[in-house]
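Numbers here simply count residues along the sequence, with the first being 1. Just so it is clear, the values below take in all heavy atoms, side chains as well, and ignore hydrogens, waters and symmetry mates.
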Amino acid sequence: MSIKSRYDKKGGNVPVNSRGDLIFTLENVSFHYPYQTEASLKNVNLTLNNKERLAIVGENGAGKTTLIKLLMRLYEPTEGRILLNGVDIREIDYRQYLSLFASVFQDFKLFAFHIVDNVTSFKDGSESNLRKIRECLDKAGLLEKIDSLNKGLDTYLYKLYEEDGVELSGGEAQKLAIARALYKDAPVIILDEPTAALDPRSEYEIYTRFFSIVENKTSVFITHRLSSTRFCDKIIVLKKGKIVETGAHEELLARNSYYAELFNSRPSSTRTRKTAVNR
């Protein structure tokens, strides 16, 4: 556990002010996965402003998750650079940089510990912090479920350690992962298909709550459900690793271009359910 990663060994020592304004800039960023002939991202230029709500959309394989992992410095660009407030992120202390982000990826993991430990990641789950824990679960839409359990927050997930441990549904597990991201209270929140396992009604409730929750944070959403992008300040549309469109939801629809094509190609049943929920 004490072995340093290659990022720690490279790491810069420039400190970062997590409470100040954060402006991220991608300059001609490209990325090749090992042994791939085609670049996953090609000459991406993007500015993510402080407290901006950004949606990233595109078909499978367009480079959406790759872009996020580059922003979080889980990967490093093959070409180009990423700046935070004008400083190359490779010059910033690696662990301080990671602390800026709270994320929920599609392949999130929960652990066979108490529910409270899954929310706090063992960071100050004391009685004095109980209100914050409950607030995060409530915002994620899971508090009612937790309160219905005999042991509440002290219930074990899964049956590895206790026979009466609970098995959450896919949607409930996703809500718990979202609560964990909210609990971290980082200035930047990253959500990669955060509602993929939720039904349309739960999805709408999550987004309605989220966009009030993150109003004082920088937030990035990757989604295939384009109806959720109407909440965002800016949308970038990726196609084969390139940004092909940028704008707000109504603006992009009015252009009747690639974004409008993606939006209108959703299954009609999905559009019908979403309309019903919105009503």
Side-chain angles (χ1 to χ4, degrees), residues 7 12 14-31 39-58 62-94 96-106 178 181-182 184-194 207 210-224 226 228-239 241-252 259:
Y7 294 118
V14 176
V16 60
N17 178 12
S18 62
R19 297 302 173 187
D21 287 353
L22 302 174
I23 300 175
F24 298 87
T25 308
L26 281 69
E27 294 183 345
N28 298 313
V29 169
S30 297
F31 183 77
S40 294
L41 288 174
K42 305 170 187 175
N43 299 318
V44 170
N45 290 280
L46 173 67
T47 297
L48 177 59
N49 292 306
N50 193 57
K51 298 182 182 179
E52 188 170 45
R53 295 176 296 191
L54 172 70
I56 304 175
V57 304
K64 302 184 297 295
T65 299
T66 300
L67 176 57
I68 289 304
K69 291 185 175 179
L70 286 166
L71 180 66
M72 294 180 66
R73 209 184 165 199
L74 301 178
Y75 299 159
E76 291 201 356
T78 308
E79 299 173 18
R81 62 179 187 160
I82 301 173
L83 309 177
L84 172 58
N85 296 342
V87 177
D88 192 315
I89 63 173
R90 289 169 289 196
E91 298 176 17
I92 297 172
D93 180 89
Y94 182 61
Q96 281 193 36
Y97 187 76
L98 288 184
S99 72
L100 298 176
F101 299 93
S103 61
V104 180
F105 286 102
Q106 294 178 52
I178 291 170
L182 294 176
K184 186 177 179 182
D185 197 24
V188 184
I189 187 163
I190 306 284
L191 301 170
D192 186 353
E193 289 289 335
Y207 277 117
F210 250 126
F211 288 97
S212 61
I213 294 164
V214 302
E215 61 182 351
N216 291 315
K217 297 180 183 294
T218 303
S219 50
V220 182
F221 301 85
I222 296 176
T223 182
H224 284 99
L226 300 190
S228 63
T229 62
R230 69 180 72 244
F231 293 103
C232 293
D233 302 313
K234 182 167 67 181
I235 303 164
I236 62 169
V237 186
L238 285 173
K239 185 175 185 179
K242 295 183 178 180
I243 296 178
V244 295
E245 291 182 75
T246 304
H249 175 74
E250 297 298 337
E251 176 188 354
L252 293 176
Y259 177 82

State whether the side chain of [X] and the backbone N or O of [Y] hold a donor-acceptor pair below 3.5 Å, judged by distance alone.
X: E193; Y: Q106; answer: no
X: E245; Y: L252; answer: no
X: D93; Y: V14; answer: no
X: E251; Y: A248; answer: yes

_Please verify the inter-ring angle class for Y75 with F31; under 30° counts as parallel, over 60° as perpendicular, anything in between as tilted._
parallel
Is the shortest side-chain heavy-atom distance between [X] and [Y] below 4.5 Å?
X: L182; Y: I189; result: yes
X: L22; Y: L84; result: yes
X: I82; Y: P77; result: yes

_Partner set under side chain to side chain donor-acceptor pair (under 3.5 Å) for N85, not counting sequence neighbours_ = none
Specify the closest pair of heavy atoms between [X] and [Y], including all atoms of both residues, with the distance to one decimal.
X: E27; Y: L83; answer: OE2-CD1, 3.5 Å
X: K51; Y: T218; answer: N-OG1, 2.8 Å
X: A186; Y: S99; answer: CB-O, 3.8 Å

Scan the side chains in residues 231-239 for donor-acceptor partners under 3.5 Å anywhere in the protein, sequence neighbours excluded, and list what turns up.
unit_1: D233; atom_1: OD2; unit_2: R53; atom_2: N; d: 2.8
unit_1: K234; atom_1: NZ; unit_2: T47; atom_2: O; d: 2.7

Gap separating the [atom1] atom of [X] from the [atom2] atom of [Y], nearest 0.5 angstrom:
X: I222; Y: I190; atom1: CD1; atom2: CD1; answer: 8.0 Å
X: Y97; Y: R73; atom1: OH; atom2: CZ; answer: 8.5 Å
X: T25; Y: N49; atom1: OG1; atom2: CG; answer: 8.0 Å
X: L100; Y: K184; atom1: CG; atom2: NZ; answer: 8.5 Å
X: E79; Y: L41; atom1: CD; atom2: CG; answer: 11.5 Å

*Derivation of the side chain to side chain contact (heavy atoms under 4.5 Å, CB included) call for Y259 and V57*: CA-CA 8 Å; Y259 177 82; V57 304; 4.0 Å; yes
*Is atom NZ of K42 surrounded by more than 12 heavy atoms (other residues, nucleotides or ligands) closer than 6.0 Å?*
yes
Throw together a table of side-chain donor-acceptor distances under 3.5 angstrom for residues 63-71, partners on residues two or more places apart or in other chains.
unit_1: K64; atom_1: NZ; unit_2: G58; atom_2: O; d: 3.0
unit_1: K64; atom_1: NZ; unit_2: E59; atom_2: O; d: 3.1
unit_1: T65; atom_1: OG1; unit_2: D192; atom_2: OD2; d: 2.8
unit_1: T66; atom_1: OG1; unit_2: Y33; atom_2: OH; d: 2.7

*asked:* One pair to check against side chain to side chain contact (heavy atoms under 4.5 Å, CB included): F24 and L54. What are the steps and the verdict?
replied: CA-CA 12 Å; F24 298 87; L54 172 70; over 6 Å; no
